[in-house]
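Just below is one structure, and these are the notes that go with it.
For the numbers below, each heavy atom of this structure counts, side chains included, while hydrogens, waters and symmetry mates do not. Reminder, nothing fancy here: chain letters follow the sequence lines and each chain counts from 1.
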Amino acid sequence: MTSLAEKLTEITGAAFAALDLPVELGQVRVSDRPDLAQFQCNGAMSAAKLASKNPREIAGEIQTKLLGFGHDRDTYVNSEYVSVHYQGHEVFKNIEIAGPGFINLNITDEYLAAHLADSAVDERLGVEKITKQETIVLDYGGPNIAKPMHVGHLRSSVIGDSLRRICGFAGFKTIGDVHFGDWGLHMGQVITELEERGILGQNVTLEQLEEIYPAASKACKEDEARLKKAQQATRKFQDGDPAYRKAAQQFAEVSIEGIKQNFGALGVHFDLWKGEADVHEMIAPMVNRLKTKGFAEESEGALVISVEQEGDKKEMPPLILLKSDGGVMYGTTDLATIVERMEEYKPARIIYVVDQRQSLHFEQVFRAAYKGGIVPDSTELTHAGFGTMNGPDGKPFKTRAGGVMRLEELISMGIEKATARLDEAELARDIEASERADIAQKVAIAAIKFADLQNNRIADYVFDIDRMTSFEGKTGPYLLYQAVRIKSLLRKAQAQGFEPGKEFTIQDSDRSLALLLTELPDVFEGALKNYTPHLLCEYAYRLAQEFSSFYAACHILSEEDEALRSSRLALCELTHRQIALVLGLLGIEIPERM
RNA sequence: GCGCCCGUAGCUCAGUGGAUAGAGCACUGGUUUCCGAAACCAGGGGUCGCAGGUUCGAGUCCUGCCGGGCGCACCA
């Protein structure tokens with residue numbers, strides 16, 4: 001179904017069309033002056049330029065047209081029937097012209113009620129589904145084998161998982177791929193470390209690995225010869241040295257088990273658990289094709305593909321396909337991964353949720369992919385980059401000791417805080433231990449995810465665990481609380497034999513919540529279009545807040561007017577469904593009670 | 001040096017070229033015989049980094065500067 005603002009846009013657009021003005025000028029949106037109107041259209045002011053007329057005059061003509069639709073001869077515009085009636089109700093309560101030429105629109109409560117009733121019976125709550133069945137591959141998470149997962153992986157995982165859910169709800173077939181880092185230098189670093197310790201070939205545990213990689217990395221930084229060894233080992237490993245491969249396979253298994261635990265705790269889902277290593281076989285044929293087609297060339301001992309384009313403002317270094325030692329870099333595996341994804345899934349889009357600092361790399365890879373004919377122009381390659389996570393001091397997030405905080409440590413910190421807060425608020429006291437632990441887990445994850453997702457993706461953000469677990473204000477736990485509170489109310493209503501109605505009765509105390517509830521489809525569209533979950537966070541918070549005001553303003557269960565009571569219960573139910581849907585799209589689970 | 005991102009209230013952040021720039025935290029005051037007060041209501045707090053320009057209209061677009069972050073061939 002169409003959103004409310006969209007319906008109004010259609011009507012207003014027809015009025016512009018009827019005056020031979022561009023339909024797009026009829027764009028209606030929620031007013032930013034709620035004291036003056038519910039909706040506004042600014043098209044008359046843009047139209048003034050085109051028609052070289054006074055904007056207020058045009059606004060007046062639009063107003064006249066709008067009032068005429070469905071009443072008289074103006075009803076047809078370009079042979080389309082246009083009406084300002086909906087299910088027998090007037091759409092507009094009034095249309096006013098203000099300031100330089102704003103068209104202020106208010107709708108009737110009856111129309112609002114009818115629209116809400118429609119969206120309440122829609123299981124998608126008014127959000128439209130795409131008609132074409134297209135596939136989107138999302139690349140996020142990106143943990144490295146044998147390296148501990150740290151807070152840096154949080155953003156990629158949480159944002160990527162949310163985008164996957166958003167695209168999925170929009171109707172796309174989505175494929176989330178974790179894309180392990182299991183082919184790079186760090187593999188050689190770990191292998192040589194094992195060699196030096198004389199334990200290559202023996203099984204290592206997760207605990208050992210957690211100490212081994214940092215030690216290897218440190219050694220390579222301090223000693224050039226040691227780094228060289230690691231590079232050679234990496235090359236040997238990539239070439240298929242049996243002992244190295246066998247060892248790597250063993251510690252990869254151990255490592256992946258740990259990684260899966262982390263993602264499990266976070267509630268981040270993947271459809272594919274593939275890595276760089278999986279495309280190894282595809283690299284040589286790909287490189288050969290690029291050579292044959294004349295795209296690959298030798299430069300300074302390496303095999304590269306130039307990706308400069310006319311009109312480039314900046315230096316664009318070529319993408320290195322093969323290093324001078326013959327080894328591959330991550331650009332090569334990224335490119336080969338695109339080859340594989342195109343062959344397997346023919347996606348319409350591939351979205352990379354990776355640190356913004358890698359934007360140049362992705363630009364190189366994307367250009368190489370298009371240039372080399374690996375993807376057609378119809379496939380959209382997007383780097384949905386994100387900013388770094390800083391500590392409260394504004395510098396990259398570190399532990400108190402100054403080290404990198406491990407992801408699981410961060411999660412358990414959140415759970416600890418959530419549990420403490422439950423105790424403090426003396427909530428959920430009579431709930432048994434296992435459910436209580438589950439609640440604390442959900443609260444903690446909601447706190448962490450919401451704190452991350454509510455920020456503009458591209459900008460750096462300050463991660464402050466005390467703030468996000470404070471349970472007050474714009475936080476995940478606040479949203480859970482509101483959702484649980486509504487659920488509890490609905491349970492009580494049911495126990496008393498009250499059912500949410502199918503019809504809505506709009507009074508002063510219900511109107512702003514009712515109006516807000518109509519915005520969901522537009523908000524969703526914005527989040528999908530720009531890959532920005534923070535719009536959904538904003539909306540969920542506004543909903544929770546608006547509901548809370550509504551809840552404080554009118555008592556629902558004791559309302560004696562049956563029509564009003566069932567309407568209000570329906571508002572509660574619709575609010576709950578929307579919050580649950582939106583939080584679901586953010587990857588946040590709501591407990592039954594808390 | 002070249003390029004990208006950011007600069008909005010004390011702090012953390014929203015703000016598809018439109019009217020009087022908004023939230024949360026913090027601060028001040030108020031609200032519980034009634035549905036969950038982790039709540040609600042009200043209040044104070046702004047040279048939107050600076051300077052030009054485009055526009056009927058600029059936090060938003062363009063140019064320059066200042067401040068911060070990041071990136072620029074064999075790490076990922």
If B/G36 has a Watson-Crick or G-U wobble mate with both distances under 3.5 Å, name it; if not, just say none. none
Taking only N and O in the side chain of A/Gln482, is any of them less than 4.0 Å away from OP1 or OP2 of B/A39? no
Looking for any heavy atom pair under 4.0 Å, which part of the strands does A/Gly184 touch: base, sugar-phosphate only, or nothing? sugar-phosphate
Answer with base, sugar-phosphate or nothing: what part of the nucleic acid does A/Glu538 contact at a heavy-atom distance below 4.0 Å? sugar-phosphate
Please work out which of the three classes, parallel, tilted or perpendicular, describes the rings of A/Trp183 and A/His280, given edges at 30° and 60°. tilted
What interatomic distance, in whole Å, is found between C1' of B/A26 and the corresponding atom of B/G10? 8 Å
B/G57 phosphate, OP1 or OP2: any side-chain N/O from A/Lys49 under 4.0 angstrom? no
Using a heavy-atom cut-off of 4.0 Å across all strands, would you classify A/Asn530 as base, sugar-phosphate, or nothing? nothing
For B/U54, what is the paired nucleotide under Watson-Crick or G-U wobble rules, both distances under 3.5 Å? none
What contact category does A/Ala98 fall into here, base, sugar-phosphate, or nothing, at under 4.0 angstrom with non-hydrogen atoms? base
Could you walk me through whether A/Thr192 and A/Arg226 satisfy the side-chain hydrogen bond (donor to acceptor under 3.5 Å, both in side chains) test, starting with their C-alpha distance in whole Å, then the side-chain angles of each, then the deciding distance to 0.1 Å, before giving a yes or no? CA-CA 8 Å; A/Thr192 45; A/Arg226 176 74 175 72; 2.9 Å; yes
In whole angstrom, give me the gap between the C1' atoms of B/U28 and B/C65. 41 Å
What do you reckon, do A/Phe102 and the base of B/A19 stack, with centroid distance below 5.5 Å and planes below 30°? yes
Atom C1', compared across B/A42 and B/A58: separation rounded to whole Å: 33 Å
For A/Asn42, answer base if it contacts any base atom (sugar-phosphate contacts may also be present), sugar-phosphate if it contacts only those atoms, and nothing otherwise; contact means non-hydrogen atoms under 4.0 Å. base
Residue pair A/Val304/A/Ala552 against RNA chain B: nearer the 5' end by closest nucleotide is A/Ala552
Which part of the nucleic acid, if any, lies within contact of A/His361, taking any heavy atom under 4.0 Å across all strands shown: a base, the sugar-phosphate backbone alone, or nothing? nothing
Looking at every strand, decide which applies to A/Ser548 at a 4.0 Å heavy-atom threshold: base, sugar-phosphate, or nothing. sugar-phosphate
Answer yes or no for A/Arg29 and A/Phe39: cation-pi contact, defined as NZ/CZ to six-membered ring centre under 6.0 Å and angle to ring axis within 45°. no
According to the interplanar angle, ranging from 0 to 90°, do the rings of A/Tyr330 and A/His361 count as parallel (below 30°), tilted (30 to 60°) or perpendicular (above 60°)? parallel
side-chain N/O A/Lys323 vs B/C75 OP1/OP2, d < 4.0 Å: yes
Would you call A/His555 stacked on B/C35, i.e. ring centres under 5.5 Å apart with the planes less than 30° off parallel? yes
So what does A/Ile556 touch, heavy atoms closer than 4.0 Å: a base, only the sugar-phosphate, or nothing? base
Would you mind reporting whether A/Val462 and A/Asn455 have side-chain heavy atoms less than 4.5 Å apart? no
Who does B/U28 pair with, Watson-Crick or G-U, both distances under 3.5 Å? B/A42
How many whole angstroms separate atom CD of A/Glu308 from atom P of B/A73? 13 Å
For A/Gln27, answer base if it contacts any base atom (sugar-phosphate contacts may also be present), sugar-phosphate if it contacts only those atoms, and nothing otherwise; contact means non-hydrogen atoms under 4.0 Å. nothing
Side chain of A/His534 only, please: which of B/G15, B/G71, B/C56 is the nearest? B/G15
Output yes when at least one side-chain N/O atom of A/Tyr541 is less than 4.0 Å from OP1 or OP2 of B/G22, else no. no
How many whole angstroms separate atom NZ of A/Lys221 from atom C1' of B/C75? 10 Å
Using a 4.5 Å cut-off on heavy atoms from C-beta on, say whether the side chain of A/Leu479 contacts that of A/Ile588. no
Within 45° cone and under 6.0 Å: A/Arg457 NZ/CZ vs A/Tyr531 ring: no
Is there a donor N/O on one and an acceptor N/O on the other, under 3.5 Å, for the side chain of A/Asn104 and the base of B/A19? yes
May I ask you to verify if any side-chain N or O of A/Arg491 is less than 4.0 angstrom from the OP1 or OP2 atom of B/G36? no
Answer with base, sugar-phosphate or nothing: what part of the nucleic acid does A/Asp464 contact at a heavy-atom distance below 4.0 Å? nothing
Tell me the closest heavy-atom pair linking A/His555 and A/Arg568, and the distance in Å. O-NH1, 4.2 Å
Base paired to B/G59 (Watson-Crick or G-U; both N/O distances under 3.5 angstrom): none
Rounding to the closest angstrom, what is the interatomic distance between B/C40 and B/G24 at atom P? 8 Å
Give me the distance, rounded to whole Å, that separates B/U12 from B/G7 when you measure between the C1' atoms they each carry. 14 Å
Rounded to whole angstrom, note down the P distance from B/U31 over to B/G68. 49 Å
Classify the nucleic acid contact of A/Tyr461 as base, sugar-phosphate or nothing, counting any heavy atom under 4.0 Å across all strands shown. sugar-phosphate
Tell me which nucleotide, if any, is Watson-Crick or G-U wobble paired with B/A23 when both distances must be under 3.5 Å. B/U12
Does the B/A73 base have a donor-acceptor partner in the side chain of A/Ser299 within less than 3.5 Å? yes
Give me the distance, rounded to whole Å, that separates B/U32 from B/G44 when you measure between the C1' atoms they each carry. 26 Å
Under 4.0 Å, heavy atoms only, any strand: does A/Met45 hit a base, just the sugar-phosphate, or nothing? base
How would you label the contact of A/Ser549 with the nucleic acid (heavy atoms, under 4.0 Å): base, sugar-phosphate, or nothing? sugar-phosphate
Just to confirm, is there a sub-4.0 Å distance from OP1 or OP2 of B/G22 to any side-chain nitrogen or oxygen of A/Arg542? no
Should B/U16 be called syn or anti, with syn set as within 90° of 0? anti
How about A/Phe450 and A/Tyr478: are their ring centres within less than 6.0 Å of each other? no
For B/C35, does OP1 or OP2 lie under 4.0 Å from any side-chain N or O of A/Ser558? no
For A/Tyr461 and A/Phe397, I'd like to know if the aromatic rings sit close, meaning centre-to-centre distance below 6.0 Å. no
For B/C2, the nucleotide meeting Watson-Crick or G-U wobble distances (both under 3.5 Å) is B/G71
Nearest-nucleotide wise, let me know which of A/Ser324 and A/Leu36 is further upstream toward the 5' end of RNA chain B. A/Leu36
Looking across every strand, which nucleic acid part, if any, lies under 4.0 Å from A/Ala302 by heavy atom: base, sugar-phosphate, or nothing? base
On the nucleotide B/G24, are OP1 or OP2 found under 4.0 Å from the side-chain N or O atoms that A/Gln545 carries? yes
Can you check the distance between B/G71 and B/G64, where both ends of the measurement are the P atom (answer in whole Å)? 24 Å
At less than 3.5 Å, do the side-chain atoms of A/Tyr481 and the base atoms of B/A38 form a donor-acceptor pair? no
